[in-house]
2 protein chains.
Amino acid sequence: MGVSKSESFSVAHNEMASLFKALSHPARVAIVEYLLSVDTCICGDIVEVLPLAQPTVSQHLKELKNANIIKGSIDGTAICYCINPDTIEIIEKYFGSINKQLKNKCC
Amino acid sequence: MGVSKSESFSVAHNEMASLFKALSHPARVAIVEYLLSVDTCICGDIVEVLPLAQPTVSQHLKELKNANIIKGSIDGTAICYCINPDTIEIIEKYFGSINKQLKNKCC
DNA sequence: TTATTATATTGCAATATTACGATAAACAAA
DNA sequence: TTTGTTTATCGTAATATTGCAATATAATAA
């Protein structure tokens, strides 16, 4: 068939996979790191930083927003994007927990 | 066009994106968590745990191996898979660093 | 050698993602 | 209102991913 069998997996596994999928493109990694590098959250110039056209950047931003990795608030004509620290913490803790479990293993 | 413009991004951004891509499917998240849950590393029964056919599981395992998230060593007829703790640590540190930088921010 | 068992590869159909031009929508300024 | 600025959406082409039947490969057992 070829259809992704996501219904066959647990909600938890799907949720984690969705987070990673949102970060699975270099443009989206670059966006996150750019948001991290600027002091303020007024980030209407992401398009100028990336080697992609405006509609493409808008699409990537939407995916990051849908995954709750970034937040966007309207600021007049512009939109103010910033990283959602809660989601970053969820991911960090996930890998921290994996690491802890690995410490008690042979491998 | 539609081709992924990965050459336009830095090696570092591509490398992180590749790690996340390897974890961007619920089956691959499930595999990692299963490897974590079993005591030994002899894991030739992953196929029986997942709701996917053997060639599909083999394909997912290959992707995790290529991304260095798991290691596989031959053990007679079977193959012994286990998580690569080095890669997990790289990811954990990446998000730890993001978290640290976020602490010194307004947002 | 001939099974048997375990994993990998091939080939292909179904679907998803990526990218961007064109266009729309929303708002501010003139 | 009209004009300019900023971001989003639509439509579509190119490419990538997912899943599996069929088959291949590799090692062991009989």
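Each chain gets a letter, A, B and so on, in the order the sequences are listed, and its residues count up from 1. Note: hydrogens, waters and symmetry copies are ignored here, and every other heavy atom, side chains too, is used.
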S.K.: The side chain of A/Ala53 is closest to which nucleotide in this list: C/dA19, D/dA21, C/dC20?
M.R.: C/dC20
S.K.: Pick the nucleotide of DNA chain D nearest each of B/Pro51 and A/Leu61; which residue has the one closer to the 5' end?
M.R.: A/Leu61
S.K.: On DNA chain D, compare the nucleotides closest to B/Pro55 and B/Gln59; which residue's is nearer the 5' end?
M.R.: B/Gln59
S.K.: Starting at OH of A/Tyr81 and ending at P of D/dT6, how long is that distance when rounded to a whole Å?
M.R.: 14 Å
S.K.: Rounded to the nearest Å, what distance is computed from the CG atom of residue A/Asn66 to the C1' atom of nucleotide C/dA16?
M.R.: 15 Å
S.K.: Nearest whole angstrom, please: distance from the P of D/dT18 to the CG of A/Asn14.
M.R.: 13 Å
S.K.: Tell me the interatomic distance from B/Leu50, atom CG, to D/dT18, atom C1', rounded to whole angstroms.
M.R.: 14 Å
S.K.: Would you mind reporting whether B/Thr56 and B/Leu50 have side-chain heavy atoms less than 4.5 Å apart?
M.R.: no
S.K.: Considering only C/dA19, C/dA8, D/dT17, which nucleotide approaches the side chain of A/Leu52 most closely?
M.R.: C/dA19
S.K.: Do the ring planes of A/Phe9 and B/His25 sit parallel (below 30°), tilted (30 to 60°) or perpendicular (above 60°)?
M.R.: perpendicular
S.K.: Starting from the 5' end of DNA chain C, give me the residue, B/Phe9 or B/Thr56, whose nearest nucleotide shows up first.
M.R.: B/Thr56
S.K.: When only distance counts, do a donor and an acceptor, one from the side chain of B/Gln54 and one from the base of C/dA6, lie under 3.5 Å apart?
M.R.: no
S.K.: Is the phosphate of C/dA16, meaning OP1 or OP2, less than 4.0 Å from a side-chain N or O of A/Lys21?
M.R.: no
S.K.: Side chain of B/His25 only, please: which of D/dA8, C/dT9, D/dG19 is the nearest?
M.R.: D/dG19
S.K.: Is B/His60 close enough to D/dT17 that one of its side-chain N or O atoms is under 4.0 Å from OP1 or OP2 there?
M.R.: no
S.K.: Could you tell me the separation between the CD1 atom of B/Ile46 and the C1' atom of C/dA6, rounded to a whole number of Å?
M.R.: 12 Å
S.K.: Do any N or O atoms from the side chain of A/Arg28 and from the backbone of A/Lys21 form a donor-acceptor pair under 3.5 angstrom?
M.R.: yes
S.K.: Per the side chain to side chain contact (heavy atoms under 4.5 Å, CB included) rule, which among A/Ile31, A/Leu35, A/Val38, A/Leu64 passes with A/Tyr81?
M.R.: A/Leu35
S.K.: Does the side chain of A/Leu19 come within less than 4.5 Å of B/Phe20's, by heavy atoms?
M.R.: no
S.K.: Considering just the side-chain nitrogens and oxygens of A/Lys5, establish if one lies under 4.0 Å of OP1 or OP2 belonging to D/dC20.
M.R.: yes
S.K.: Less than 4.0 angstrom between a side-chain N/O of A/Lys62 and OP1 or OP2 of C/dT18, yes or no?
M.R.: no
